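Every value quoted in this text rests on a predicted model; they were computed, and no experiment measured them.
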Amino acid sequence: MLTVLLVVHLIVTLALIGMVLIQKSEGGALGIGGGGGGGGGGMGGFMTGRDTANMLTRTTGILAALFMCLSLAIAWYSGQTQEKGSILDSVPAQVETVPAPAADGAPNVPAVPQAPTAPVSQ
């Protein structure tokens with residue numbers, strides 16, 4: 001089931017990206033994007049430019065809603081299929097290791113640092 005949801009989610013994501021890229025830029029801010037261009041003629045005379053923009057906007061909104069619903073469904077489904085518990089429960093306990101004693105039987109004690117020596121200037 002999760003695989004089907006992920007495949008559908010991927011298809012909707014690619015379609016959403018395509019719809020956003022197809023839309024005409026409103027421009028204005030940087031002087032980029034299409035200006036007027038005259039009316040009519042979009043899609044071989046079937047729809048006007050405004051109708052095409054409305055269709056693309058509506059399709060983008062529907063795909064965005066599907067994207068959000070699929071994201072929530074995938075999150076819910078993956079939360080249902082996993083076992084409950086903490087990730088810390090699966091980590092084995094750390095065993096504190098004690099350093100081995102020296103060969104003569106004396107405990108291993110780190111050496112005390114000595115004061116640094118500087119050359120004597122004359």
Side-chain angles (χ1 to χ4, degrees):
M1 179 68 179
L2 184 61
T3 305
V4 173
L5 283 175
L6 286 173
V7 169
V8 172
H9 189 66
L10 180 64
I11 293 170
V12 168
T13 302
L14 293 175
L16 182 62
I17 290 169
M19 281 293 126
V20 169
L21 291 176
I22 286 173
Q23 292 182 20
K24 183 173 118 179
S25 172
E26 293 296 324
L30 298 174
I32 58 175
M43 295 179 66
F46 174 65
M47 298 171 71
T48 64
R50 185 69 184 151
D51 290 339
T52 304
N54 286 341
M55 181 191 68
L56 289 174
T57 302
R58 182 171 296 203
T59 305
T60 302
I62 291 170
L63 287 172
L66 276 172
F67 178 84
M68 290 302 297
C69 290
L70 284 169
S71 297
L72 291 173
I74 290 170
W76 177 80
Y77 186 75
S78 64
Q80 296 295 319
T81 57
Q82 293 179 354
E83 62 185 46
K84 305 292 183 215
S86 172
I87 190 171
L88 298 176
D89 294 338
S90 62
V91 177
Q94 294 286 334
V95 177
E96 189 174 320
T97 58
V98 178
D104 61 354
N108 244 353
V109 179
V112 177
Q114 297 183 1
T117 58
V120 178
S121 61
Q122 294 185 9

*Asks:* Identify the residue among L5, V12, T13, V7 that makes a side-chain contact (heavy atoms from CB on, under 4.5 Å) with H9.
*Replies:*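 Only one option passes, and that is T13.
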
*Asks:* When Ile, Leu, Val, Met, Phe, Trp and Tyr are grouped by side-chain heavy atoms lying under 4.5 Å apart, directly or through other members, which residues fall in the same group as V20?
*Replies:*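 Listed partners: none, V20 stands alone.
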
*Asks:* When rounded to the nearest 0.5 angstrom, what distance separates CG in L21 from CG in L56?
*Replies:* 11.5 Å

*Asks:* Do F67 and L2 sit in one hydrophobic cluster, given that two such residues count as connected whenever their side-chain heavy atoms are within less than 4.5 Å of each other, even indirectly?
*Replies:*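 Yes, one cluster joins them.
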
*Asks:* Check for me, please, whether L63 and M68 land in the same ILVMFWY cluster - side-chain distances under 4.5 Å, paths through other members count.
*Replies:* yes

*Asks:* Do I22 and M19 have side chains that get closer than 4.5 Å, going by heavy atoms?
*Replies:*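 A side-chain contact exists here, since the closest heavy-atom pair is under 4.5 Å.
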
*Asks:* Are I11 and I62 co-members of a hydrophobic cluster defined by side-chain heavy atoms under 4.5 Å apart?
*Replies:*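 Per the 4.5 Å side-chain linkage, I62 and I11 are not co-clustered.
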
*Asks:* Please give me the minimum heavy-atom distance between S78 and A75, naming the atom from each residue.
*Replies:*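 That closest heavy-atom pairing would be OG-O, 3.1 Å.
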
*Asks:* How long is the gap from OG1 on T59 to CG on L16, to the nearest 0.5 Å?
*Replies:*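 Reported to 0.5 Å precision, the distance equals 10.5 Å.
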
*Asks:* Checking L14 now: which residues fulfil side chain to side chain contact (heavy atoms under 4.5 Å, CB included) with it, not counting sequence neighbours?
*Replies:*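 Listed in chain order: L10.
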
